[in-house]
**Q** 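Before we start, here is the structure in question, set down as structure tokens.
Atom set for the values below is all heavy atoms of this structure, side chains included, hydrogens, waters and symmetry mates excluded. Since we're looking at a predicted model, the values are computed, not measured. Quick note on labels: first sequence line is chain A, next is B, and so on, each numbered from 1.
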Protein chains: 2
Amino acid sequence: MTKYELISEEIRKRIGTAYYPEDQPIPDENSLAAEFQCSRMTMKRALDLLVAEGLLFRKRGHGTFIVKAALNKRAINVSGHENRGFTKVMADKNVTSQIIRFDVHFPSEEVAAHLSIDSSAPVYDIVRLRLVEEEPYVLEKTFMPVNVIKGIDEKVLLGSIYSYISNTLHLKVAGAHKKIRAAKSDQLDQQYLGCDQADPVLEVEQVAYLNTGRPFEYSFSHHRYDKFEFSTVEITKTGL
Amino acid sequence: MTKYELISEEIRKRIGTAYYPEDQPIPDENSLAAEFQCSRMTMKRALDLLVAEGLLFRKRGHGTFIVKAALNKRAINVSGHENRGFTKVMADKNVTSQIIRFDVHFPSEEVAAHLSIDSSAPVYDIVRLRLVEEEPYVLEKTFMPVNVIKGIDEKVLLGSIYSYISNTLHLKVAGAHKKIRAAKSDQLDQQYLGCDQADPVLEVEQVAYLNTGRPFEYSFSHHRYDKFEFSTVEITKTGL
DNA sequence: AAGTGGTCTAGACCACGGA
DNA sequence: CCGTGGTCTAGACCACTTT
């Protein structure tokens with residue numbers, strides 16, 4: 001844990017417990033830096049995290065203030081992470097998987113393009129239903145290059161592909177590009193997510209890549225429209 | 001324009017024009033700092049922007065690399081902004097509005113809570129269809145406290161509420177919290193967005209707040225499922 | 001040991017807003 | 001004018017990876 005993260009957590013806790021009055025600026029950066037015995041740059045960085053979370057905002061020449069809208073939120077995430085894909089969020093829940101399809105074949109033009117591979121490089125074609133506490137949570141359609149993610153089998157699919165990639169293959173996931181849209185539910189969604197024919201789904205299209213820069217997953221996740229939503233915070237640049 | 005933004009743009013341009021080979025690290029931070037005549041901190045900050053955009057990623061002990069998946073993207077946004085709400089993105093397009101409903105009344109419990117106001121404080125209740133180049137683009141249901149955003153009338157609603165808030169009221173928007181989900185289209189959606197009864201919509205629930213910390217807008221935006229998607233980049237923390 | 005990125009410092013100057 | 005946050009610097013030390 002770095003110094004700025006520790007300080008950030010302390011300030012987050014203070015906001016959550018109303019240690020600072022919500023209608024006044026919190027102490028200025030120099031005072032806080034003195035209190036926490038750090039440089040002003042480090043203090044600023046700690047506050048930056050909270051600004052990015054939407055808990056604080058700054059007014060040049062005035063001070064740093066608490067976002068009132070954020071106080072209504074349940075409890076303010078103790079560790080304050082909004083965007084931590086699936087498994088992380090589910091850390092202490094019972095996550096299981098059901099395999100709907102598991103094939104290997106040559107990729108379509110589209111899949112090859114998104115994975116930056118040649119059409120002659122085979123890909124896994126996987127459809128899994130993931131359940132949280134026995135409840136259907138998300139239906140995932142996944143393409144992964146066989147050359148990159150070697151040795152996928154049913155046993156791996158019943159657990160977490162991400163655990164396999166990091167713990168067994170010792171590869172590291174660097175990030176992902178996502179597109180989020182609404183879609184009509186298809187026959188598979190209705191069958192496995194248990195949704196009605198008239199129910200839509202929230203579709204997340206994702207290209208994930210390793211810390212080698214190589215894309216290793218192109219996937220479409222379908223979530224029940226009544227059980228999943230995506231949260232984000234938008235910050236207006238101070239200069240505008 | 002700050003130094004780190006200028007440097008960031010230059011590097012973004014270089015990536016877009018394949019100035020750097022994509023299978024090798026870009027020059028290290030000290031070399032780049034020397035080339036751009038800045039400190040290493042400033043150089044790092046310039047690169048941070050590109051990492052946040054998903055164009056670059058870093059490997060401690062190795063170097064900074066180009067994300068191959070990002071190169072496929074059309075042209076790499078010249079100024080690289082993903083999350084700039086409506087009006088900004090539409091800068092050079094013809095945006096018009098059609099007023100579906102315009103009322104003032106007392107807020108429901110839910111609306112009052114999201115706007116952090118008392119149930120006795122009246123709110124505008126607005127439904128607008130927004131069109132881009134004459135095409136229906138989004139149907140917005142908006143609640144705003146009358147005490148905060150004074151003087152809204154039909155003329156304002158036909159243009160941009162945001163312009164009115166900044167240019168006439170001289171208030172500043174600091175940010176917004178958003179939730180994105182899929183929903184069934186209702187009768188209004190079908191009528192105004194021209195979607196079929198079976199078509200879903202992408203719903204964005206938003207609480208926007210001023211640089212006074214005061215929430216001023218609680219809204220639900222419905223987008224046609226086939227014409228709108230939300231893009232985002234997820235970065236895995238290097239420590240994990 | 002050498003080279004990379006990650007953090008942190010102490011201090012400087014600038015931009016903005018209010019007294 | 002002063003106090004605020006925003007940027008920038010020059011340098012230090014640490015963590016990680018390869019040689």
**Q** Rounded to whole angstrom units, what separation is found between the CG atom of L50(A) and the P atom of dG5(D)?
**A**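 Nearest whole value for this atom pair: 14 Å.
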**Q** Is the number of heavy atoms from other residues, nucleotides or ligands under 6.0 Å of R214(A) CZ greater than 12?
**A** no
**Q** Would you kindly give the CG-to-C1' distance between L171(B) and dG17(C), to the nearest whole Å?
**A** 16 Å
**Q** For dG18(C), does OP1 or OP2 lie under 4.0 Å from any side-chain N or O of K59(A)?
**A** no
**Q** Y4(A) side chain N/O closer than 4.0 Å to the phosphate oxygens (OP1, OP2) of dC8(C)?
**A** no
**Q** Round to the nearest Å and state the distance from R60(A) atom CZ to dG5(D) atom C1'.
**A**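 Result: 7 Å.
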**Q** Give the minimum heavy-atom separation between I126(A) and M144(A), together with the two atoms involved.
**A**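 Taking every non-hydrogen atom into account, CD1-CE, 3.9 Å.
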**Q** Give the minimum heavy-atom separation between S221(A) and E140(A), together with the two atoms involved.
**A**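 Residues S221(A) and E140(A), closest heavy atoms: OG-CG, 3.7 Å.
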**Q** If each of C38(B) and G61(A) is mapped to the nucleotide of DNA chain D with the nearest heavy atom, which maps nearer the 5' terminus, i.e. the 5' end?
**A** G61(A)
**Q** Please give me the minimum heavy-atom distance between I7(B) and A46(B), naming the atom from each residue.
**A**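 Looking at all heavy atoms of both residues, the shortest contact is CG2-CB, 3.8 Å.
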**Q** OP1 or OP2 of dT7(D) less than 4.0 angstrom from a side-chain nitrogen or oxygen of K44(A), does that happen here?
**A** no
**Q** What is the separation between atom CD1 on I26(B) and atom P on dT4(C), rounded to the nearest whole Å?
**A** 12 Å
**Q** What nucleic acid atoms does R40(A) come within less than 4.0 Å of, heavy atoms only: base, sugar-phosphate, or nothing?
**A** base
**Q** Grab the CG-C1' distance between L47(B) and dG6(C) for me, whole Å please.
**A** 13 Å
**Q** Can you tell me which nucleotide in dG18(C), dT9(C), dA10(D) comes closest to the side chain of H62(A)?
**A** dG18(C)
**Q** If the cut-off is 4.0 Å, is K172(A) near the phosphate of dT17(D), judged by side-chain N/O to OP1 or OP2?
**A**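 Indeed, a polar side-chain atom of K172(A) lies that close.
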**Q** Given dG5(D), dC8(D), dC8(C), which nucleotide is nearest the side-chain atoms of S39(A)?
**A** dC8(C)
**Q** Between M41(A) and S31(B), which residue's closest nucleotide on DNA chain C lies nearer the 5′ terminus?
**A**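 On the 5' side of the pair lies S31(B).
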**Q** Would one find a side-chain N or O of T64(A) under 4.0 angstrom from OP1 or OP2 of dG5(D)?
**A** yes
**Q** Which nucleotide wins on minimum distance to the side chain of T2(B), given the candidates dT7(D), dC8(C), dG5(D)?
**A** dT7(D)
**Q** Between P on dA12(C) and CG on N30(A), what's the gap in Å once rounded to a whole number?
**A**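 The distance from CG of N30(A) to P of dA12(C) comes to 13 Å, rounded to the nearest Å.
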**Q** Using a strict threshold of under 4.0 Å (side-chain N to carboxylate O), is an ion pair present between E10(B) and R14(B)?
**A** yes
**Q** How many Å lie between CZ on R45(A) and P on dT7(D), as a whole number?
**A** 14 Å
**Q** Taking CG from L56(A) and P from dG6(D), how many angstroms apart are they, rounded to a whole number?
**A**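 Spelled out: CG on L56(A) to P on dG6(D) is 11 Å.
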